[in-house]
Structure formats: C-alpha cells, structure tokens
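These notes concern the structure reproduced below.
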Amino acid sequence: TGCGNSNEETAVDGNVEDSQTVESNELQKVVITEPIRSDLWAPIYLAQTLGFFAEEGIEADFQTITGGDPGAPVLAGEADFGLRGVDMPMMVTEAGQDVKILVSTTQRFPFTFIGQGPEFTTIESLKGQVVAGSTPSGSPTSWVKAAVANAGLDPEQDIEVPMVSAPGYVAAMSNGDIAACAGLTGYQTEMLLENGGVMLVDGRNPKAFKEIMGSEDYQMYIMFATDKYIEENPETVQSVVTAVAKAIQWQNESSTEEIVEALLPLFQDREEELLVSIQANKDYDIFSIDGKHTETGYQAALKLSKMAGVISKDIPAEKVYDESFLDNAWAKLGK
Amino acid sequence: MEAVHKVEERSNVKELKSKKKKIKLSVKNINHTFKSQNGDMTKALSNVSLNIEEQGFVALVGPSGCGKSTLLNIMSGLIKPNQGQVLLDDIPVKGVNDRIGYMSQADTLLPWRNVIDNVALGLEIKDVSKEERYEIAQRLIDRVGLSGFENSYPFELSGGMRKRVTLIRTLAVDPEILFMDEPFGPLDCFTKEMLQEDILKLWQENKKTVVYVTHDLSEAITLADRVVIMTARPSIIKSDYDIPLTRPRSVMDIRFNSKFIELEKMIWNDLKEEVKREG
Amino acid sequence: MEAVHKVEERSNVKELKSKKKKIKLSVKNINHTFKSQNGDMTKALSNVSLNIEEQGFVALVGPSGCGKSTLLNIMSGLIKPNQGQVLLDDIPVKGVNDRIGYMSQADTLLPWRNVIDNVALGLEIKDVSKEERYEIAQRLIDRVGLSGFENSYPFELSGGMRKRVTLIRTLAVDPEILFMDEPFGPLDCFTKEMLQEDILKLWQENKKTVVYVTHDLSEAITLADRVVIMTARPSIIKSDYDIPLTRPRSVMDIRFNSKFIELEKMIWNDLKEEVKREG
Amino acid sequence: MTIKYFKLRTMDFVWSIAVVLIFLVIWEVSVLTGKVNSFFFSSPSLIFKDIVRMQQNGDIMRHFGITVKQAGYGLFFGGLLGTIAAIMLGMNEKLSNILFPIMVGLNGLPKLALGPLLIIWFGIGIQSKIFMSALMVFFPFFFNVHAGYHNVDISLINTIKMMGGNRFQILSKVIWPSCMPWLIVSLRTGVGMAIVGAIIGEYIGSSRGLGWMIMDAGGTYNTTRVLSCIFLLTAFMAAIDYLIKFFEKKTLRWRPSIN
Amino acid sequence: MTIKYFKLRTMDFVWSIAVVLIFLVIWEVSVLTGKVNSFFFSSPSLIFKDIVRMQQNGDIMRHFGITVKQAGYGLFFGGLLGTIAAIMLGMNEKLSNILFPIMVGLNGLPKLALGPLLIIWFGIGIQSKIFMSALMVFFPFFFNVHAGYHNVDISLINTIKMMGGNRFQILSKVIWPSCMPWLIVSLRTGVGMAIVGAIIGEYIGSSRGLGWMIMDAGGTYNTTRVLSCIFLLTAFMAAIDYLIKFFEKKTLRWRPSIN
Ligand SMILES: Nc1ncnc2c1ncn2[C@@H]1O[C@H](COP(=O)(O)OP(=O)(O)OP(=O)(O)O)[C@@H](O)[C@H]1O
Ligand SMILES: Nc1ncnc2c1ncn2[C@@H]1O[C@H](COP(=O)(O)OP(=O)(O)OP(=O)(O)O)[C@@H](O)[C@H]1O
Ligand SMILES: [Mg+2]
Ligand SMILES: [Mg+2]
C-alpha cells in the first residue's frame, strides 16, 4: 500500500501542467526512485513531462531517496525502476541480486576534478593534502583517486580523502578544509570554478578521460530494474523504455533552452542551474544519443568500481545489461 | 498486652466494659523497623497489640515520632509490618481496604483539583453520580465554613483550610471505620470545637469505629471512649484508659466537668512519669 | 486602631506598659486581597495596623483562614501588600530581610537534605564554617530529641519530627526577630512544653522580638506579653491584650496560676462573642 | 484573565519578532557590505522574495502541508505510544529494569541508517514518514513521562488506594495530572522531533515535502531555498509554541507560579 | 546497600541480555528459514562475525573511539549550555517569553540541512561534529531544565530568601537539586542525541567514525556492517544507562520511591 499512497500524492504534482492528466486514471503507475533529481537522467524526466510515458500508457512517480539507500526500494519490490550510477547494478549483482540496466542516459564521464585556486593548480601540488570524496566507496571518490594516481601520486599515501557531502564541497573548499574535490555536475563544476577553483582534470573531455581510464566512453547514469520485475512485467518495461527512447530522440534534436523548458515541471525553480548544466552536457556530448552502453565504457566502469572496492571481480556485461527492450524501442521508432 | 491488663484494673469505672462489644480491628504483636536510605535502622513499633471494638472511639496519644502514624499505616494496610498481623472482622488484612477512611497526617490534597473536586474525590472513585457527589461535597464544604472556596486550588488555601478540606474529603464517603491522624492540629479553637462536635455527632448517630491520633490530651479525653498511651520509640502500649464520661458530651462544657478534670490529672501524671523516664 | 485603644483601656494591669519600649516593627493600614486562579477575590486583611515593640513577644490568635499567615508573609516582605506599609526600625520594608527568622506554617524542609544539613542551611547561607555549623546544628538536634536522625531525609521523619527540624533550622541562625507560624501544631504535649520552655528561655536571655501565631489560647497566654486577636476574613484586629503574668514563667505550672485562669476566661469570652457573631 | 493573558502574550510576541528582525537586519547588512558571502548565507531579502514566490506558485502549501501532516500523525502516534510505554514500564518495575536500557540504546540510533529497513517495512508512502516521525517523537515522551511517573507523590497514590481506587483510577486521577508538566515538555520537544522525523523520512524517500525540497535545493547550491524552508519551519513551530503555552497555562494553573 | 544494589542490577542486566538474545535467535531463525532476506536484514551470526573482525583489525577502536569522543564533548557542551540557557531564561521571565518561541522553532530544524553552513563555520574537523552533537543535546537539556525550573516549590525558594540567600544560593541550594530529576532525564535523552549528532556531523564530512562507516557500508550494500555499527551503539548506550541509573539512584535517594 506504500506505493499506492505515494502514487496518489504524485498524481497531482508530477503532471501539473500536463494535458494528459485527463487520462491519468487509465495510466499505469510506475514508481521510479532517484538518489537526487539530476539533469543527467534528463530523458527519463522528459518522457514524463513531454507525455511520452502517457502515450505508452504509463505514469511515472518519482521518489527521491537521498538518505538511506536509493536502490533498496527497487530491490525490495517497493519501487519499479531505479535511477543510479552504473556501479550500483554491478555491486548488487556481485552481492547476488539480479538486476538489469535498461537504459543509459549519459555516454561520457560527467565529473571533473577541481583544485582550490590559486594554491593548488596541479595534481602534484596536492601531495599531502586533503581531497574530498563522497562516500569512501562512491564513484566520485574513485574518480579522484584515479586522477591522482594517473598523475603519479599514491592515492592511499599522498592524499587524505575524507567523506564530504556534495553540497559541502564548495564550502569546504572555500574555507580551506580541502585542497581539491570532484565536480559532479555541470553546475557544481561551474560553482567551484566561480568560487576560485582551478580545473585539474576535466573528465568530460574524452582525451583526458581516456588517459586515465582507457576509454573515451563511460555510461554512468542509468536506469535499472530487477530481473524479477522485468520477467513479470515485460510490457510495462517495454512501454517505459520506448517512452525513454522517444525522449532521447527528442533530446538529441532540441536546444538547451527547449530541454530546460521541458524539464521545468519536475525541476521547479531550478532554471538557472539547468541552463548551466545542460549546456555543459551538450558542449561535452555527455548525454547518450542511443541509451546503449559500449564495451570500452563498461570496461572503464568495471575498472573504476574495482578501484573503489565495491566489486572484486569482473562481471560479464550480459549479467548487468539488458538492452533488448531498447532495441525493440528503436526498431519501433524506426531507427 | 500486660499493659492493657494492668490498666483495666486501674480503670476507674467499669460499667461500660460490661456491654461487651465485638472486636472490629485487632492488631497482633506488631513489630516494625524502618530501614533508612543511609542504612540506619529505626525500630518504630515493638510488639504492639491492640483490640478495637466495633463502634469504639479510641484515641492514640504518645510522644512525637513514637510510631502512631506508622501504626495507623499498618492497620490500614498501607505498610506491611515486619512482623505481626492485623485482623479486620477477624480476617487478616492484606493491602489497603476501602472500608477504612483514613485521614492521614500529611497534606494529601490533590493539588490539581479545586476544593469541591477534592472533597468529591472519594465519591468519584465510588462512581457516585456527578450531581449527587457535588451535593454531598457542597453540604460538607458549607458545614466547615469553606463556602466560597469551592473553586480554589489547595495552594490558595490557608493551612487550617486545607486541613478542613482533607477532613471532609474523608467523611464524604461515609466509611465504616475512620482513622484520623491529628485532624485538628492547625485549627483554631473555635473551628476545632465545632468540628469536634460534628465528629462526635457523626460517630454517635452512625456508630462508626474511630481511631484518633492526637497530641492534645484534653481533646482525647473529650472525644474518646478509650485513650491509649504509647511510649517513645520503640513504642509499646504503655497504658489504656477507659473514659467513662457520659454521652452525649458537649465539647464546650465538658472541660469544666469534675470527672474530666480528675481524669486529665490522672493521665497527665502517668504521662509525666513517661516523660521523666525519657529525659 | 480603635480596637487597640479599646483594649488598652480594658487591659487589666498597666504596670508593664510603663517601661515604654521602642517600636521594632510597625504595620500600617495594610489591605490585602488575593486574586485566585478562577478569578475570585479573597479579601484577607482589611486595614490592619499593628506595632510590635522591641523585645516584645506577641501572639496572634484568630480563626482559621483569617489572614494570620498572610500578615506574617507581609511583615516579612515575602508578599507585597496591595496597600499599606511595613516599617522595620522605622525603615520601610522592601522585599525580604534576613534579620527576620521566619518559621512558616508549611513544611519547607529541603527534601534532598538530611536533617543536619537542613538545620545547618541558614548557617551555610551565612557562610559559617562547616565545623561550626555542624556543631551548632548537632546541639540543637540533641536538644529537641532528634539525635540519631541526623542523616535521615525528611520523608523518613514523622510529622512532629519535621516540625522540630523546621523550628531549630530557624533558631540556628539566631535571628534578631522571630516569626513563628504554629510552630508546635503537631507536637505532643511533652515535646511541646519542653520546646515552649526553650523558646521562652531563648527569648528572655537574648531578648529577641517574637511574633507567634497559634490556635491554642492557653499557649498564647503562657508565652506572650501580648495577645492580638484577629477576626474572621476580612481580618481586622479585634482586640489586643497585655498579659501581665510575671516572668520567668514555668510552662508546666503557669496553667494552675489563678491570674492565668482569669485571663484565659476573659479572652475566651471575648472570642466566644466573635464566634457567635460569625455563626 | 484570558484577555489580559493574550495582551501580555502579544507584547512578548512583538518582542520576539523584534529580536528576529534585528537579527535579519544584521544579516542583510553583512551580506550587503560583503562581510558575509551570500552564496553560502543567502540574505534575508532573497529569502523573503523566495518565500513570496513559493507562496504564489503554491509550493508552500504543497510541500509544507504534507510535511506538517506527516509530523502531525507522527506526533500523535509517537506521543501516544511513548506515553503508554512509559506508564506501562512505570507500573511494572521489573519490566522497566529489563527494557529500559534497551530503550536508551535505541534512542541513540542514527535514524537515517534505518532507511532501507524502513522502506521494506513501510514502503515509500506516507507511512514510512509517519513511522520515522513517530520514532523520533517516541523517545522524548517515553523518557519524560517515565521520569514524571517516578516523581509522583506517593502519598497521593496511597490516598486513592485507601479510597478503594483501582489501578486505572490511580492512573487517571493522580499519575496523569502529576505527569502533566513532564508531558508538556515532551510535547514541546516532540513538536520539533516530529518535524525533524518527517523530514528525515522524506530524505529516505519522497516526491514532495519540505525535506524533499531542502534536499533538492541543497544538492543544487540553492542556499536561499534551504533557508526559506528553515525559516518557514522555525516560524511555524514558534507559532505552535504559543498554543502549547496557552495549554500549559490552562493545565498547570493549580501550580503556584515562580515570579 | 551498594552491593545489594549491584546484585539486583546484575539480575536485571541478565534479563535484558536474555530479551536481546531471544530477539536475535528469532531473527537468525527467520533468516535461516528464508522468511527474511539476509540481503536487507543480514543475520545475527553475520553481524557477530563482522564485529569480531572489526575488533581484530582495530576498526572498532578507530571508528567507535572518535565518535564517542565527539559525542562526549557534544554532550558536555550541549548539556552545559542547555542547562545554563534554561536557568538564565528561567531567572528572567521577560527574556524567556521572548526567546522561548525562537528556541522551540530552532529545535525543529533538520540539522542535516545545515551541512554547508556547518562546514563554513567549523570546517570538517572534529569541531563541526562536536558542534552538531552539542546542538542536538542542547534542546532536551534546555526544555527539560526549563520545565524543571518552573516546577520548583516556591516556598523553598522563599525559605532561602528569608535566610538572606542570594540568587546564586537559591540556584545552588534549591533550584539545582530540585531540577535533578529533570537533569537526569535530559542526560538520558542527551546521550542518544549526542551520538546521533556526532554521526550526522560525520555524514556531513569526516574521514572516520561510526557515521563514516555507516555511510560507507550503506553505499556498498553492506547491511551487515551497518547493523554491526547499530548493534555496537545500542550496546554502548545501554551500558551508559547503567551508569546513569546508578547516578540517579545516588542523587535521588531523598525521594521516596514508588513501588
Ligand atoms: N519512610 C520511613 N523511613 C524511615 N523511617 C521512618 C519512615 N517513616 C517513619 N519513620 C520513622 O518511624 C518513627 C515513627 O514515625 P511515625 O510517623 O509513626 O511517628 P508519629 O508517632 O506519627 O509521630 P508524630 O506525632 O510526630 O507524627 C520515626 O522515628 C520515623 O523517623
Ligand atoms: N496564594 C493565595 N491565593 C489566593 N488566596 C490566598 C492565597 N493565600 C492565602 N489566600 C487566602 O487568604 C486567606 C487568609 O489565608 P492565611 O493563610 O493568611 O490564613 P491563616 O490565618 O494563616 O489561616 P490558618 O490558621 O488556617 O493557617 C484565606 O482565605 C486564603 O484562602
Ligand atoms: Mg504522625
Ligand atoms: Mg496560616
């Protein structure tokens, strides 16, 4: 009943400005969890706000799960789909849970590595300094460690990486608690730079990223569901994926302003930030154009996850990805 | 026990004794020692035995701290004695018993209830209807001169007024047996005598069994059938006087009665002895 | 004011009056009305004026709830009267004053202090050394028969024992002026008389000024220089008797003194009138 | 009396507002003179504008309403259960000695860490937030009422017993009124806990509410929005306290007041 | 008395342990029979093994120690300031009426949302955790002692006044002892709040401590580790409560106990 109730709540707010609300009583409700509402999953939100979900007979209820574990409700069957980073499905697969990535919404690495200017302008200067990561085994932390290692420092000895919550990065950097940190979104990178930060490594740049991780691609932002759910609700999964594919298609063809405009119902009062972030995503080709993963991108993801210690051995891509629904969608959309 | 016998021989007038009455409350060989927080032991009662006849009016007199309140607490079942037994109608008392109305020495008005609700408390517990209990309470309040203070909270009353409220709260439920621990301590002589008359009337009309603790010897003689003298700690019962003054007694006038004066002098001397032994 | 004059004419023996003494404490035209939580007004004192001479021993007597405690509270500065003034050594009293030792009617022992620490409280406040204050406290404790209970907490004491502790706590600091509100209410006659003797001795030796509230007329006459009678609410001072009994008095024997009996009868009749008027 | 009471309260209220205003002015001036960085601290005027905007687009009602509703339920259930648990443990000393340390232990759990379990048990609907809120409220009620219970004047209990009162009557006529001061302080702490609980519940999973909004804004460096929410919350709870104070005054008028 | 007291306590302790054990056995059996999914709920045996491992590799001391230290400071400062604030507001009714609603408002703030501000003010070192912990502890102390202050028997204050006692003596000889029951309940709630505060502080920024560990484990689906931490915390605080109880017994022995 937990879901039923929350569906009711969002039925009103998810679709406020949407003409399709009229049909909402016929739509099938799906619950999608997210750790934070980020533009890097833009197609999923666009599928809702542009009415693609509704066209497929779906209505999405987005549940933000900031504290605790955003994956848990999906694994526990309380929610249907989850938006996460690629490391999460790998992690739970190794822990014996069966989940599949259905769509990837980004194709390039979205993080940057920024030092506190004007003092720390190179990675070498970070020796003996404090560098912020998110949770110890989170992907920002491994990204930072990888970048440091690539510059010839020992990430375990030469720097200290405390846990700092992402909203605290700018604060910690501006009062000198940390010498460098990861920029996790276009907007955050912008904010760090605005507050005097210096770009140490721009992971969004394919060349720079390849130097560190051996791949230009990196499909980080994904949507997943459990095998059990996919097995039991193939039609729903197909409808959802099809709608997302439509959104990807729309997104590929639209300008930053159009995308921001379309996202706004789910990103209230965030116009300014979206404009910056989405422009950066466009500039750096971060948004995925087909929602699919690449072999090199997956290898990089495995490497990063192993560095973080969240998985211990390679996991075959087939165990993690199920792009058959996506293929069907593209076929249907004539691509 | 010996003390009681000794006294009965001494007792001036025997005629009342002849109408042998049923024993209502019987205290058998009570010993009680308190263990205080700091580990000290205080032996309060030492082998105390006492029989209280049905419809008797017994006054307990004894030095401060000798164990009078403790004895009442034990008789009412509030305290379990270390040793000994209390029988009510020949049945051992276990725990408290609502046949006894106990007006304790401490101020036990409920501070969050105004006067009338305090007086009505016992009736409320007995599920008497609101109307009836307010009627009874109001009558008693008027009787003790507290009209106009029905809605006052205890902290707004004077010491004597609080005592009066406590008294009528006990009387309101009309208990079979009445225990009163210094009911009139902080009352002026006028109010006191009026209330004493009331108690006497109540007792005579409804023939209750009354146990009464007081420090005022003349009060004890004025009211009681029997005056029981307790010694200093560890208390034993020293003597037990019958008071053969005729009933009904007038509280105002009895003090000039020659028998009264004679009795008072006698008991007084007995007590003086006790005090000297103590000193 | 008229009452006082009226009484002075009536007053049997005038010789004591001749040694005109300085006025220590003067109460001028006090009016006080309490406003209770439920909005009722209780007029407690109506235009009360009273002069208390230095080294005088004044007993206040009056019906329960008439305003005796209120008057003491006002004189001690605890309550600000609605109207009127209190002068101590001709200086208006503002707030409380530690020249007055006030033994109030309520139980004000600190429950978290044992007996000896309670008795030593006032000395502690006056920064008397620990050794000295324990010595003083111990002497007083022994005097009132509480030896062995030094370490007991108030809840472990009997009613009379608590009263005795409160009394000696007030005496311990040896105040210039003593207010006592029914100090011996719940005490047995033996203890009471012993303490009365003590109070008298203290007063005679150290020549303190004492104001004393009691319900016991004979106690008032036994102890006091002057007995002030208050009427029922709203209280005025009805009469003011000088007690010309010689000093030193023996509490035990004075009651058989013929002057005493004569005085008691006279005041008694005066009071009876008051009661009748009330009823 | 009531009118006078409210007059007095109004004056105090004006003063409270004044204190807040002074604080806001200092803050605004510090931002304007550049002493304080508005990126981290926003500014009163920005916050004010933001609140006006939220009011106009209905966000306040939408997000505030649901959080207050969750907190309300949480306060009710948490308070009720905390009180009942305290009284039950009070009546049974043995049980109390056994369970009390466990309760103390549970009180210190980081509630956020319970997130996944909470979702499994209660889903991500309103129940999980109510549960979290109730859990936070439970403890102040439990500990305070428990302490109140042990502070009851035993002679009053004996009085009721002597009159033949049963357990329930002892409870309702003595223990309950005598625990009132303790209950009121629980209520006071509880109101805050209820809101915090509802917000934490929203962190664990939600699609709207103040917690959702704070997290959303916090993640995107929208300090102004975070502080708007905080400001609204503070004002709301201060207002609630006037109600509690009034209730306290009515309930505890049997107690002579310290002046 | 003390020996007997400890004997009694030991029996209760054994019973408390028994209750916990029964709970653990039910849990273990539910996991073994597949009634409960060990992915979400772990199992007592896994937790036990994990705790043993943490003990062996020194993690317990490293992470537990720092959190307890932070909580200890937080409890000290929060408790001290809360008590002082309550007494100061108690002594000045006007001030109290003005500031009290503001305090009530602040009590309900979601502390986690203060993260960035906290970092600006206190950095990510130990100070920020101590501050967070103290902030959480402040309120139960403040509200409880404030209520205790208003519950003081006025006639006792008058007694001290009549003896010439000054404000400080009234405070130390009457108000303080009479607030003891309220202080003890604050202490009891405060211990939990202190730990929670330290952990929230660690969420905001830290490189070790229990909060760090819980976050780390939570992020990697290591339910066992999360529950190990929770279990250790619970046990620790239950143990602390035995100390508080002992202190309570000593301090409040002037109070006739309810039986
Ligand atoms: N709870 C208790 N703990 C320890 N000792 C106690 C307790 N209650 C009473 N006592 C002791 O028992 C003795 C008798 O007390 P009790 O109250 O029965 O005296 P009492 O005869 O009623 O005296 P009073 O006339 O002063 O009221 C006293 O010495 C007292 O110290
Ligand atoms: N705080 C208060 N609020 C309201 N009324 C009060 C308050 N204190 C006393 N009164 C009223 O004032 C009157 C006088 O009280 P006071 O205590 O002075 O009487 P008293 O002469 O000392 O009586 P007693 O001999 O019974 O102690 C009483 O009617 C009482 O109800
Ligand atoms: Mg007694
Ligand atoms: Mg009085």
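First the proteins, then the strands, lettered A, B, ... as listed; each starts at 1. If you're wondering where the values come from, they're calculated on a predicted model, not measured in any experiment.
Under the 30°/60° scheme for interplanar angles, the aromatic rings of W121(D) and F41(E) are found to be tilted.
For Y203(E), the part lying under 4.5 angstrom from a heavy atom of chain D is the side chain only. For a residue to count as touching a neighbouring chain, one of its non-hydrogen atoms must lie under 4.5 Å from one of that chain's; by this rule L109(D) touches chain E with backbone and side chain alike. Only the side chain of L117(E) has a heavy atom closer than 4.5 Å to any heavy atom of chain D. At a 4.5 Å heavy-atom cutoff, the contact between M215(D) and chain E is made by side-chain atoms alone. The part of I120(E) that comes within reach of chain D is its side chain, from C-beta onward, which places non-hydrogen atoms under 4.5 angstrom from that chain.
Not counting sequence neighbours, the partners of D216(D) by the salt bridge (Lys or Arg N to Asp or Glu O under 4.0 Å) test are R270(A).
Proximity of W182(D) to P181(E): side-chain heavy atoms (C-beta onward) are separated by under 4.5 Å at one or more points. Contact of the M237(D) side chain with the P101(E) side chain is not registered, since no non-hydrogen atoms from C-beta on lie closer than 4.5 Å. Between I240(E) and V104(D) the shortest side-chain heavy-atom distance does not fall below 4.5 Å. Here the side chains of R255(E) and N151(D) are in contact, with some heavy-atom distance below 4.5 Å. Side chains of N97(D) and K245(E) form a contact here, defined as non-hydrogen atoms less than 4.5 Å apart. A 4.5 Å side-chain heavy-atom check between I214(D) and P110(E) finds at least one atom pair inside the cut-off. The shortest distance between side-chain heavy atoms of N107(D) and R188(E) does not fall below 4.5 Å.
To the nearest 0.5 Å, atoms NZ (K111(D)) and CD1 (I200(E)) are separated by 9.0 Å. Atom-to-atom distance recorded for W15(E):CH2 and K94(D):NZ is 8.5 Å, nearest 0.5 angstrom. Between F143(D) atom CZ and I184(E) atom CD1 the span is 13.5 Å, to the nearest 0.5 Å. Rounding to the nearest 0.5 angstrom, the gap separating the CG atom in N144(E) from the OG1 atom in T189(D) is 6.0 Å. Taken to the nearest 0.5 Å, the CD1 atom of I102(E) stands 9.5 Å off from the CZ atom of F23(D).
The number of heavy atoms from other shown groups lying within 6.0 Å of CZ (F231(E)) does not exceed 12.
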Test side chain to side chain contact (heavy atoms under 4.5 Å, CB included) applied to I230(D) and L114(E), step by step: CA-CA 9 Å; I230(D) 286 186; L114(E) 299 178; 3.9 Å; yes
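Closest heavy-atom contact between G108(E) and V196(D): O-CG2, 3.4 Å.
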